[in-house]
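To keep things clear, I will list the structure first and then write my remarks on it.
Each chain gets a letter, A, B and so on, in the order the sequences are listed, and its residues count up from 1. Excluded from the calculations below are hydrogen atoms, water molecules and symmetry mates; all remaining heavy atoms, backbone and side chain alike, are included.
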Amino acid sequence: MERYNFKKIEEKWQNFWIRNKSFKSEMNLKLKKFYCLEMFPYPSGKIHMGHVRNYTIGDVLSRYKSMQGFNVLHPMGWDSFGMPAENAARENDLHPKDWTEKNISVMKKQLKSLGLSIDWDREISTCNEDYFKHQQLFFIEMFEKGLVYRKENYVNWDPIDQTVLANEQVIDGKGWRSGAVVERKKLNQWFFNISKFSESLLESLNSLKNWPKKVKTMQANWIGKSFGCEINFKIKGDLPINEIKCFTTRPDTLFGFSFLAVSVDHPISKFYQDDPKFKKFKDECSKTGTTEESIAQGEKIGFKTNLLATNPLNENEKVPVYFANFVLMDYGFGAVFGCPAHDQRDLDFALKYNLPVRTVVKPPEENDDFKINNEAYTGGGVIINSKFLDGLKVPDESIIKTINIIEEKKIGKKTINFRLKDWGVSRQRYWGCPIPIAYDKDGNVHTIPKNKLPIKLPEKINLKAKGNPLNLENEWRKISINGLECLKETDTLDTFVDSSWYFLRFCSPNDKEYGFDYDAAKYWMPVDQYIGGIEHAILHLLYSRFFMRAITYKNENFSLSEPFESLFTQGMVCHETYKDKNNNWLSPDEIETNDGKNFFKKNDPNNTVSIGPAESMSKSKKNTIDPAEMIKNYGADAVRLFILSDSPPEKDVQWSEQGMLASYKFIQKFWLINNRIKEKIETSTNNNQKGDLDLKKFTNQLINKIDNNLEKFNYNVIIANMHETYNYLNKVLSGQFNREVLIENYKKILTVMSPVIPHLVNECFEVNNFSISQKWPLVNKKYLSEETVSIVVQIGGKKRGIIKTKKDTEEKTIMDLISKEDRINKSIKNKKINKVFFVKNRLINILLND
RNA sequence: GGGCGAGUGGCGGAAUUGGUAGACGCGUUGGUCUUAGGAACCAAUAUGGCAACAUGUGAAGGUUCGAGUCCUUUCUCGCCUACCA
């Protein structure tokens, strides 16, 4: 008996699939479609375990849906613009395009070696002109629709990547990619008007029924809608400032007003920019503003001006105006009115600068002399000390009535404020999609005429130059527009733009005219199942939702606002970490053990290794496992099996050598049992046999379980079902079966295992001379229930025994059976039965009177 | 500070949604075969107890004939997010 030669066999079937274009998808209005999409990879060099997990999950689903008769679209592409290519190119003195294409060819080969059911005819790569020329057209269309604009403002400048970052790309004051502390810089930038759709982006989160709640909450928080009002405060002082506008959600606490605070970037700061004390204060703010400790400590500091602000509800009251570090220019109007009693930040500030703390809300159970000490009161209750507002119920009534009063007095108005800011898309990089804009000699903006698209990147480039390499390309920059000599924009688009519409491109990847064909998109969109990491919960997913709105805005021919019908976020792949005695990270193959308990560094027995907890695989911790290596050693089916087996897909999974080996053994064992089954089939006759019914039952129950588990993404349980199947076959195979029954049921068993281990299943089909089935078997409900059932017998709620009996046996009969079972009956006899609870085919609970 | 999620054997994790807790895998133990085995196969494996039996899903209460599952309180851990006015 030959061992299963996974290398030969997997290659054979992978070639078979390619030769037969097994996964080619074509639009067919008569067929129900299923668009399965996994987040496409950045071609960084080679695939990692996260990819393996992501694409295996999607592949299992695609194969399942396809066998169910859906017309499945399961494409793959490359998010191939971006910084790493540029950095790698600079270091190795090659062109980003060459570096990228080399990586793509390596990774494509690796993905193919996993046996994924991908329609490679639809492959796209965002750095190809074929792709980004359409993106440039979208940009121009959006410009024409007023969804793109240019403005000068402060940007987040990443000093390492030498580029601008969008707000959502700054994490803890650091660049999301480089980790460098972000600086503030004033630049002319292109913006997408994403905030125009704030309401819609928030509102229709409700319609995304099959998105994780967590992701929806994160997006809702990011959009950050708050209801309140803007209030104009009159300003007195020695400067030409008449008014400062504030946004507040708590206008009802206006009588607790004791200072007004503005951001150091507030427009009025221009009157102070020559004041050295103010400069010093501003420096201090920018320093403390970003460090984690300062945020945690939340120290409030202020710079007092000579200005006084008037309380609009109480003209006699004037309070000082401060610059304060806790006021952000990005939110509202960059100015807040301080009410220390009912806002912790304001209270901290007031206590530091000895400002009055006036209580204007009291909790329901407190008296009117309720006083605030070190803790602001933000809860509900009743308004006090506020003249005509006294007695209003906090929060709803008080806020609404106060806003009405403010509007009547014309000192402000009801406002809904969003935290979401427009998306700055300019990047000062070479390796990205050129922005299709040019400037004439007077600096006027011109869009590039459509017949001059695409704007390509210059092929030869000096990447060693500091800043944006395109700035030096004087010849490339020249363009004539309507006879005017212009210079092209040198900024390129944020690569998140590339990934904001790639799912549309997959619908018609070869369309020459436009980014996507409307009919194709109407058929395939929306994506039925999108699968990817939770790390894109905000950025990529929000941008894509915006992009759909931008494309369909003022568009009579195509409408769709939500690109992803269902979203599944898979967990990370983790591995133990190892450190030697000098605290250096070690990779799994740098350690050794003699007893399986104590580990030491390879070839260095005195260097004991300490084992750390499983953490997500990263190069810096050296706890990565190379998928290519695993596929080489164990085969694609075994790797697919293992990556799904140990944990539910949405949770983190821990990679373990033992687990990998167990999956490999399963493949080998199954191959052996397949050969036993083959012999069994050959020696069986067409006579009915004792084992037939049991096999039919097992098979149908298996199909039923796998169906349910597939629908619910319980892929780890499917693997358990597959092990159960092996154990069952191994147990019953010594018995006899009707030849036809054995063939039919074994085919079904193989078919339901095929989404996970397609190569082995195909081979088993072939060696058995089964015609290869593409149909998912249907459950025959007749075989789902057993005719013998185990009834749990409880006395007073405690399990006392089990009675095996015929299905649907009535209570009376079961009571008779119990009386014949000494072990159970002994606790009943001579006692009075109070009540009996009976659940058919399940359980009987007898309550005694004592 | 805010939000979300999770606590089940030595470990990863199952549990038809209120009805036999611990499927399946790893690990461990014993056995068979073998020159050997880090191979293969067989068996055992929640805890205590020879046993009958008792206890057992982070803790404490509650609802119920019956709770891992529902309710209340509480503890611990993880992730995300943060001066959002």
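As judged by a 4.0 angstrom heavy-atom cut-off over every strand, A:Gln794 is placed among the base-contacting residues. Within the nucleic acid shown, A:Lys705 has no heavy atom closer than 4.0 Å to any nucleic acid atom. The residue A:Asn727 sits close only to the backbone: its heavy atoms come under 4.0 Å of sugar-phosphate atoms, none of a base. Contacts of A:Ser663 with the nucleic acid, taken as non-hydrogen atoms under 4.0 Å apart, are absent. Within the 4.0 angstrom heavy-atom criterion, base atoms lie near A:Leu328.
For the pair A:Asn721 CG and B:rG25 C1', the interatomic distance rounds to 13 Å; values are reported in whole Å. At whole-Å resolution of the value, CG in A:Leu733 and P in B:rC41 are 15 Å apart. In this entry the distance linking CZ of A:Phe257 with C1' of B:rA85 reads 13 Å, nearest Å. Rounded to whole Å, atom P of B:rG25 lies 15 Å from atom CD of A:Gln658. Rounded to an integer number of Å, the gap from CG of A:Asn325 to C1' of B:rA85 is 14 Å. The CG-P distance, from A:Asp343 to B:rC84, rounds to 7 Å in whole Å. Rounded to a whole Å, the CD atom of A:Glu657 is 20 Å from the P atom of B:rG25. Taking atom NE2 on A:His342 and atom P on B:rA85, their separation rounds to 17 Å, with Å as the unit.
Expressed to the nearest 0.5 Å, how far NE2 of A:His342 lies from CD1 of A:Ile372 amounts to 5.5 Å. Atom CD of A:Gln701 is separated from atom CD1 of A:Ile706 by 12.5 Å, given to the nearest 0.5 angstrom. If you take CD1 on A:Ile791 and NZ on A:Lys807, they are separated by 11.5 Å, rounding to the nearest 0.5 Å. Here the straight-line distance linking atom CD1 of A:Ile667 with atom CZ of A:Arg640 works out to 10.0 Å at 0.5 Å rounding. The distance from the CD1 atom of A:Ile231 to the CG atom of A:Leu260 is 10.0 Å, given to the nearest 0.5 Å.
Proximity of A:Arg800 to the phosphate of B:rC53: no side-chain N or O atom is located under 4.0 Å from OP1 or OP2. Considering only side-chain N and O atoms, A:Lys213 lies under 4.0 angstrom from the phosphate OP1 or OP2 of B:rG5. Residue A:Lys731 places none of its side-chain N or O atoms closer than 4.0 Å to OP1 or OP2 of B:rC41. The side chain of A:Asn730 contributes an N or O atom lying less than 4.0 Å from OP1 or OP2 of B:rC42.
With ring centers used as reference points, A:His266 lies 6.0 Å or more from A:Phe323.
The same atom, C1', is picked in B:rG27 and in B:rG12; the two are 11 Å apart, to the nearest Å. The separation of B:rU55 from B:rG49, taken at their C1' atoms, amounts to 11 Å, rounded to a whole angstrom. Comparing the P positions of B:rU76 and B:rG13 gives an interatomic distance of 22 Å, to the nearest angstrom. Nucleotides B:rC53 and B:rA59, compared at atom C1', are 27 Å apart to the nearest Å. Separation of the P atoms belonging to B:rG68 and B:rG19 is 10 Å when rounded to the nearest angstrom. The same atom, P, is picked in B:rG66 and in B:rU47; the two are 29 Å apart, to the nearest Å. Look at the P atom in both B:rG62 and B:rU57: the space between them is 16 Å, to the nearest Å. Distance noted for atom C1' between B:rA39 and B:rC33: 11 Å (whole Å).
Ring geometry for A:Phe233 versus A:Phe257: interplanar angle of 30 to 60°, hence tilted. Under the 30°/60° scheme for interplanar angles, the aromatic rings of A:Phe670 and A:Tyr726 are found to be tilted. Note on ring orientation: taking the six-membered ring where Trp is involved, the planes of A:Tyr353 and A:Tyr322 are tilted (angle from 30° to 60°).
Taking 90° from 0 as the syn/anti boundary, the base of B:rG9 is oriented syn. In this entry the base of B:rU17 is syn relative to its sugar, with a glycosidic angle within 90° of 0.
Which of B:rC83, B:rC65, B:rG3 sits closest to the side chain of A:Thr217 comes down to B:rG3. Of the listed nucleotides (B:rG3, B:rA85, B:rU20), B:rA85 has the atom at the smallest distance from the side chain of A:Thr249. Relative to the side chain of A:Val839, the nucleotides B:rG19, B:rA85, B:rA40 differ in distance, and B:rG19 lies closest.
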Within the sub-3.5 Å range, which N or O atoms of nucleotides 6-16 of chain B have a protein N or O partner, and how far apart are they?
from   : atom 1 : to       : atom 2 : distance (Å)
B:rG12 : O2'    : A:Asp646 : O      : 2.9
B:rG12 : O2'    : A:Ser647 : OG     : 3.4
B:rG13 : O3'    : A:Asn716 : ND2    : 3.3
B:rA14 : OP1    : A:Asn716 : ND2    : 3.3
B:rU16 : O2     : A:Arg842 : NH2    : 3.4
B:rU16 : N3     : A:Arg842 : NH2    : 3.0

With 3.5 Å as the limit, what N/O pairs link the protein to nucleotides 62-64 of chain B?
none

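One finds no salt bridge joining A:Glu811 and A:Lys840 here, because no Lys/Arg side-chain nitrogen approaches an Asp/Glu carboxylate oxygen to under 4.0 Å.
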Pairing string, 5' to 3', for RNA chain B - Watson-Crick or wobble contacts under 3.5 Å, brackets [ ] where pairs cross, | to another strand: (((((((..(((......[....)))((((((.......))))))(((....)))..(((((..]....))))))))))))....
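Side chains of A:Tyr4 and A:Asp637 form a contact here, defined as non-hydrogen atoms less than 4.5 Å apart. Inter-residue side-chain proximity for A:Lys621 and A:Glu615 is flagged as met; some heavy-atom pair is nearer than 4.5 Å.
The base of B:rC83 lies close enough to the side chain of A:Lys300 for a donor and an acceptor atom to sit less than 3.5 Å apart. Between the side chain of A:Arg419 and the base of B:rC84, at least one donor-acceptor pair of N or O atoms lies under 3.5 Å.
Checking side-chain atoms of A:Arg250 against main-chain N and O of A:Gly228 turns up no donor-acceptor pair under 3.5 Å.
Partner A:Phe337 forms a side-chain contact (heavy atoms from CB on, under 4.5 Å) with one of A:Ile244, A:Asn311, A:Thr253 and no other, that one being A:Thr253. Among A:Thr249, A:Ile399, A:Asn417, the one residue that satisfies the side-chain contact (heavy atoms from CB on, under 4.5 Å) test with A:Phe227 is A:Ile399.
Comparing A:Lys214 and A:Gly224 by the nucleotide of RNA chain B whose heavy atom lies nearest to each, the residue mapping closer to the 5' end is A:Lys214.
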